[in-house]
Colleague: 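First, the structure itself, so that you have it in front of you.
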Amino acid sequence: MPELPEVETYRRFIDETSLYQTITEVEVQDPKRQLQVDLDDFRKVLRGNQFTGTQRIGKQLFLLTAQGPIVTMHFGMTGDVGYYRDAADTPRFARAIFHFETGFKFAFIDSRKFGRLGLTQSVDTFRQQKKLGPDALTLSTEELTQGLARKKSAIKPLLLDQRIAPGVGNWIADEVLFQAQLEPERPAHTLQPTEIDRLATSIREVLEIAAEAIYRDFPSHYLIHAREWDEAPSSTITNAHLNCPRCQMLIQKKYVGGRATYFCPNCQM
DNA sequence: CAGATTGTTAGGAG
DNA sequence: ACTCCTAACAATCT
């Protein structure tokens, strides 16, 4: 489930643990699937090299190295990071392991193997190739207006489009639309300037709060509390509902753009 | 245990 | 050539 706030947490974790140690070896469990360059090339670039810093655009992470090439890292749906010394502490589902000469290891953990590792020469080149938009955390109303221009499809799938607002994922998109009081299926081209402004503000606010909050500590007016029942250990009912924190109406669930979408039919228009 | 889940993208339709 | 939409991908958890 890593969305922008978690990837930012991973970035800081790497900054705090894994910089300026010489890499001695790299293991990749399933390079054919998860490594976008040849494994031998990847090793050649990294052995004897060091990580020197990190950058993030949306959910995409970049690990800068002393010798120039940059490791790209995307966490897919289940990616995580780990740092340890003893082989016995190797995290379950460690899919790539970077060994340092200090004896410590950095692990790219990813149970479902949707994450990707690769190399690029520059963050800017990569950004252009992937057509990544301006990071959602600092997305301005003007940038969002530009991104949505002439788009006829439903607003929610557009929020998930990394060319428009990289960093917004499925539950954050629902939260953003709830806070902005916009219906997930509203065609983008019907949004008024004031609504786009509201939307841009909500994107920044939700991401800022998500960056700090532990999941269960989100403000009580947040929709996330209405989707947590789904994952609540005690719940066995699949179509239970919680009430809208704003108007108390039952929160609805439907599929928009093929993704589970929670919304309040009364508050969001 | 069948079904839901998650982000991204290939490919098809229009 | 472009936009839009669906489904596939892996693996786990419920």
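Note on naming: letters A, B, ... go to the chains in the order of the sequence lines (proteins, then strands), and numbering restarts at 1 for each one. This structure is a prediction, so every number in the text was calculated from the model and none was measured.
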Colleague: Consider only side-chain N and O atoms of Q179(A) and E175(A), and report whether a donor and an acceptor are under 3.5 Å apart.
Modeller: yes
Colleague: Kindly say if Q162(A) contacts the phosphate of dT8(B), meaning a side-chain N or O under 4.0 Å from OP1 or OP2.
Modeller: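 It does, given that an N or O in the side chain of Q162(A) lies less than 4.0 Å from OP1 or OP2 of dT8(B).
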Colleague: Using the side-chain contact (heavy atoms from CB on, under 4.5 Å) criterion, which residues pair with A200(A)? Sequence neighbours excluded.
Modeller: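 With neighbours one apart ignored, the set is T141(A), L144(A), R204(A).
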Colleague: Would you say L223(A) and I251(A) make side-chain contact, with heavy atoms under 4.5 Å?
Modeller: yes
Colleague: Can you measure E175(A) atom CD to dT6(B) atom P for me and round it to whole angstrom units?
Modeller: 14 Å
Colleague: Would you indicate, yes or no, if dT5(B) has its OP1 or OP2 atom less than 4.0 angstrom from a side-chain nitrogen or oxygen of K253(A)?
Modeller: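 Affirmative; the distance criterion is met.
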Colleague: How about I14(A) and F106(A): do any of their side-chain heavy atoms sit closer than 4.5 Å?
Modeller: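 In short, these two side chains touch, coming nearer than 4.5 Å.
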Colleague: Got a list of side-chain donor-acceptor pairs under 3.5 Å for residues 81-88 of chain A, not counting sequence neighbours?
Modeller:
from   : atom 1 : to      : atom 2 : distance (Å)
Y83(A) : OH     : T17(A)  : O      : 3.3
Y83(A) : OH     : Q21(A)  : NE2    : 3.0
R85(A) : NH1    : T102(A) : O      : 3.4

Colleague: Write down the protein N/O and nucleotide N/O pairs, taken from nucleotides 6-12 of chain C, whose separation is under 3.5 Å; answer none if there are no such pairs.
Modeller:
from    : atom 1 : to      : atom 2 : distance (Å)
dA10(C) : OP1    : R33(A)  : NH1    : 3.4
dA10(C) : OP1    : R33(A)  : NH2    : 2.7
dA10(C) : O4'    : R112(A) : O      : 3.2
dA11(C) : OP1    : K113(A) : NZ     : 2.7
dA11(C) : N3     : R112(A) : NE     : 3.3
dT12(C) : O2     : R112(A) : NH2    : 3.1

Colleague: Suppose we call two aromatic rings close when their centres sit under 6.0 Å apart. Are F98(A) and F51(A) close by that rule?
Modeller: yes
Colleague: Taking only side-chain N and O atoms of S153(A), does any of them lie within less than 4.0 angstrom of OP1 or OP2 on dC5(C)?
Modeller: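 Affirmative; the distance criterion is met.
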Colleague: Testing T194(A), L139(A), L177(A) for side chain to side chain contact (heavy atoms under 4.5 Å, CB included) with L199(A), which one passes?
Modeller: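 Of T194(A), L139(A), L177(A), side chain to side chain contact (heavy atoms under 4.5 Å, CB included) with L199(A) is met by L177(A) alone.
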Colleague: My understanding is that only one of K253(A), R259(A), K156(A) makes a salt bridge (charged side-chain N to carboxylate O under 4.0 Å, His left out) with D174(A); could you say which?
Modeller: K156(A)
Colleague: Would you kindly give the CZ-to-P distance between R116(A) and dG7(B), to the nearest whole Å?
Modeller: 14 Å
Colleague: Using ring centroids (six-membered ring only for Trp), state whether Y222(A) and F178(A) fall under 6.0 Å.
Modeller: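 No, the ring of F178(A) stays outside the 6.0 Å limit from the ring of Y222(A), centre to centre.
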Colleague: Whole angstrom is fine here: how far is it from CG in D161(A) over to P in dC4(C)?
Modeller: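 In whole Å, dC4(C) P lies 10 Å from D161(A) CG.
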Colleague: Examine dT8(B): is either OP1 or OP2 under 4.0 Å from a nitrogen or oxygen in the side chain of K59(A)? Give yes or no.
Modeller: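 Yes, because at least one side-chain N or O of K59(A) sits under 4.0 Å from OP1 or OP2 of dT8(B).
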Colleague: Which residue pairs satisfy the side-chain hydrogen bond (donor to acceptor under 3.5 Å, both in side chains) criterion with at least one member in residues 60-71 of chain A, sequence neighbours excluded?
Modeller: N49(A)-T65(A)
Colleague: What's the CG-P distance between D80(A) and dG7(B), to the nearest Å?
Modeller: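 Between P of dG7(B) and CG of D80(A): 15 Å.
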Colleague: R163(A) has an atom CZ; how far is it from atom P of dC5(C), in whole Å?
Modeller: 12 Å
Colleague: Expressed in angstrom and rounded to an integer, what is the separation of K156(A) atom NZ from dG7(B) atom P?
Modeller: 9 Å
Colleague: Expressed in angstrom and rounded to an integer, what is the separation of L4(A) atom CG from dT8(B) atom P?
Modeller: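 In whole Å, dT8(B) P and L4(A) CG are 11 Å from each other.
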Colleague: Using whole Å, what does the distance between atom P of nucleotide dG7(B) and atom CD1 of I164(A) come to?
Modeller: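 It is 16 Å, rounded to the nearest whole Å.
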Colleague: Protein within reach of the bases, or only the backbone? For nucleotides 9-14 of chain B, mark each nucleotide 5' to 3' as B, S or -, using heavy atoms under 4.0 Å.
Modeller: S-----
Colleague: Are E183(A) and K254(A) ion-paired here, with the side-chain N under 4.0 Å from a carboxylate O?
Modeller: yes
Colleague: I'd like to know whether CD of Q146(A) has more than 12 heavy-atom contacts from other residues, nucleotides or ligands below 6.0 angstrom.
Modeller: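 Incorrect, the count does not exceed 12.
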Colleague: Side-chain N or O of Y255(A) versus OP1/OP2 of dG3(B): is the shortest distance under 4.0 Å?
Modeller: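 False: Y255(A) side-chain N/O out of range (4.0 Å or more) of dG3(B) OP1/OP2.
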Colleague: Need the bend value for the helix from dA2(B)-dT14(C) to dG14(B)-dC2(C): angle between end axes, 5 pairs each end, nearest 10°.
Modeller: 50°
Colleague: OP1 or OP2 of dT8(B) versus the side-chain N and O atoms of H74(A): is any pair under 4.0 Å?
Modeller: yes
